[in-house]
Amino acid sequence: GNYSTNKFSRTVIYLICLFPFILGFFIPVIYIVNNVFKTINVIDFSELLNLSLNSFFLASVSSLIIVAIAIFFQYIKKISKSKTVFYLSEIVSLTYALPGAVIALSLIIFLAFLTKLIGISIAFGSLVILVYAYVMRYMAVGISPLRSSFDKHPETFDDTGKNLGMTNFILFKKIHLPINKSAIYIAFILCFVDIIKELPITLILRPFNFDTLAVRTYEYAIEEMIAKSSIYSLIIILLGAVLLIFLRRQTAKIDAVLMSSIEYQDLNIPLVKVFTPKYFTAPYSFSTSIVIKNKPEKIDTLDIGRIILKKV
């Protein structure tokens with residue numbers, strides 16, 4: 001059928017698509033920016049910087065730990081084929097279904113029981129407990145993109161590496177880490193954006209005299225000082241927006257590489273990947289970056305998925 005539309009119809013369609021964005025993001029941000037300009041003379045910029053650093057520190061450390069654990073689980077699951085690791089990974093992901101307040105209160109009850117059991121006082125309000133709660137809450141966020149990335153790559157990657165004498169560590173370092181790099185960035189960014197705006201866990205488990213942007217926004221908002229809370233909300237939005245723009249660029253790169261691979265393979269143009277000449281010696285070179293030969297020619301290749309071994 002003919003689905004062409006005239007200029008007026010396209011304009012209406014664009015406006016309908018923009019409607020949620022305008023109501024859900026654009027208008028609130030304009031309102032927040034307006035409040036910031038109204039209260040700019042009373043803003044304590046030293047406190048703002050301190051709260052921003054606190055939020056950035058917590059989100060960065062927690063996200064790094066989450067991504068490291070997620071990579072460990074996914075790699076062990078891939079090379080071991082263990083049902084135990086598989087079910088353990090799935091169980092860990094279930095914590096995302098729990099509200100933050102439930103996790104925080106559960107930790108307090110558990111630590112109180114542990115203190116009574118061993119007779120040693122355990123400080124509830126500590127950064128270690130707070131980071132641990134973040135890791136429990138958002139582990140599923142970090143695991144999801146990494147699981148998708150690891151599952152996409154065929155088993156021939158591992159088989160070929162082992163045939164070339166690679167240990168599990170070298171296999172991870174030389175193959176799985178580079179080809180899953182974009183997924184690692186995506187997992188980190190998603191965790192960071194979620195954690196930097198987390199309120200219930202932070203409010204319950206934070207140390208004394210330790211606040212974040214989300215906590216200070218809540219404190220002003222609950223006292224009906226909306227204008228004063230705007231600057232803290234704006235910083236959260238800006239940090240999240242910058243990282244989400246970077247995330248969009250990463251996903252665009254992945255799409256571009258996949259489309260290029262499909263296009264060139266359809267044209268029967270040899271794809272050569274040179275990965276680590278130091279490790280892979282003649283008669284084979286190994287690669288992760290696509291190199292397109294100007295003039296297609298017949299070469300001996302062993303196609304193992306997206307990676308190709310080329311006889312030299």
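Each residue takes its place number in the sequence, starting with 1.
The environment of Y185 atom OH is sparse: at most 12 non-hydrogen atoms of other residues, nucleotides or ligands sit within 6.0 angstrom. Taking a 6.0 Å sphere around NZ of K162, one finds it holds more than 12 heavy atoms contributed by other residues, nucleotides or ligands. For Y218, the OH atom is loosely surrounded, since the number of other residues' heavy atoms within 6.0 Å does not exceed 12.
Of all heavy-atom pairs between M139 and A70, the closest is SD-N, 4.4 Å. Residues T217 and S233 come closest through the heavy atom pair CG2-OG, 3.2 Å. Of all the heavy atoms in V102 and S106, the pair that sits closest is O-OG, 2.7 Å. Nearest heavy-atom pair, A183 versus P145, reported as atom, atom and distance to 0.1 Å: CB-O, 3.9 Å. The minimum heavy-atom distance between A133 and I201, with the atom names listed, is CB-CG2, 3.6 Å. When all heavy atoms of V131 and S62 are compared, the pair lying nearest together is CG1-OG, 3.7 Å.
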Criterion side chain to side chain contact (heavy atoms under 4.5 Å, CB included) on I66 and I195, from CA distance to verdict: CA-CA 11 Å; I66 290 170; I195 291 172; 4.0 Å; yes
Full working for side chain to side chain contact (heavy atoms under 4.5 Å, CB included) between Y96 and D194: CA-CA 11 Å; Y96 192 64; D194 269 339; 4.0 Å; yes
Stepwise side chain to side chain contact (heavy atoms under 4.5 Å, CB included) test for E90 and R147: CA-CA 11 Å; E90 295 301 313; R147 179 195 293 129; 3.3 Å; yes
Side chain to side chain contact (heavy atoms under 4.5 Å, CB included) between L177 and I184, intermediate numbers included: CA-CA 9 Å; L177 185 60; I184 292 172; 3.6 Å; yes
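The ring-ring contact (aromatic ring centres under 6.0 Å, His included) check on F21 picks up F25, with sequence neighbours excluded. Listed by chain and number, the residues in a ring-ring contact (aromatic ring centres under 6.0 Å, His included) with Y134 amount to none (sequence neighbours excluded). Scored by the side-chain contact (heavy atoms from CB on, under 4.5 Å) test, L88 finds F73 as partners (sequence neighbours excluded).
Note that the CZ atom of F37 and the OG atom of S230 stand 12.0 Å from one another [nearest 0.5 Å]. Remark: L213 CG to I237 CD1 distance equals 11.0 Å, nearest 0.5 Å. Note that the NE2 atom of H176 and the OG atom of S149 stand 10.0 Å from one another [nearest 0.5 Å]. Rounding to the nearest 0.5 angstrom, the gap separating the CD1 atom in I129 from the CG atom in L111 is 5.0 Å. Distance OH/Y232 to CD1/I236: 11.0 Å, rounded to 0.5 Å. Residue I30 holds its CD1 atom at 11.0 Å from CD1 of I22, rounded to the nearest 0.5 Å.
Side-chain contact between Y31 and I226: present, with at least one pair of heavy atoms (C-beta onward) separated by less than 4.5 Å. In this structure, the side chains of Y138 and E198 come closer than 4.5 Å at one or more pairs of heavy atoms. With contacts defined as side-chain heavy-atom distances shorter than 4.5 Å, the pair L205/I108 qualifies. Proximity of L127 to V61: side-chain heavy atoms (C-beta onward) are nowhere separated by under 4.5 Å. Residues L98 and M136 are not in side-chain contact: their nearest non-hydrogen atoms beyond the backbone lie 4.5 Å or more apart. Counting heavy atoms from C-beta outward, F210 and L58 have side chains that approach closer than 4.5 Å.
Of the charged side-chain nitrogens involved, none lies within less than 4.0 Å of a carboxylate oxygen, so that E47 and K228 do not count as a salt-bridged pair.
Screening F157, F72, Y75 for a ring pair (Phe, Tyr, Trp, His ring centres under 6.0 Å) involving F172 leaves a single residue, Y75. A side chain to side chain contact (heavy atoms under 4.5 Å, CB included) with L243 is found for exactly one of I196, L238, I189, L190, namely I189.
The backbone N or O of A227 sits nowhere less than 3.5 Å from a side-chain atom of K38 that would complete a donor-acceptor pair. The main-chain N or O of D159 is found under 3.5 Å from a side-chain atom of N163 such that the two form a donor-acceptor pair. S144 places no side-chain N or O within donor-acceptor distance of the main-chain N or O of V141, the cut-off being under 3.5 Å. No donor-acceptor pair closer than 3.5 Å links the side chain of S229 to the backbone N or O of Y220. With hydrogens and angles disregarded, a donor-acceptor distance shorter than 3.5 Å links the side chain of T167 to the backbone of I170. Side-chain atoms of N54 never come within 3.5 Å of backbone atoms of T212 as a donor-acceptor pair (strictly under, hydrogens ignored).
No path of Ile, Leu, Val, Met, Phe, Trp and Tyr side chains, each step under 4.5 Å between heavy atoms, connects L53 with L234, placing them in separate hydrophobic clusters. There is a path of hydrophobic side-chain contacts, each under 4.5 Å, that joins L48 to I40. In the hydrophobic clustering of ILVMFWY residues, with side-chain heavy atoms under 4.5 Å counting as a link, F188 and I65 come out together. Follow the hydrophobic side-chain contacts under 4.5 Å out from V242 and you never reach L239; the two are in separate clusters. With hydrophobic clusters built from ILVMFWY side chains whose heavy atoms lie under 4.5 angstrom apart, Y14 does not share a cluster with F8.
Side-chain contact of D158 with H153: a donor-acceptor pair under 3.5 Å is absent, judged by distance alone.
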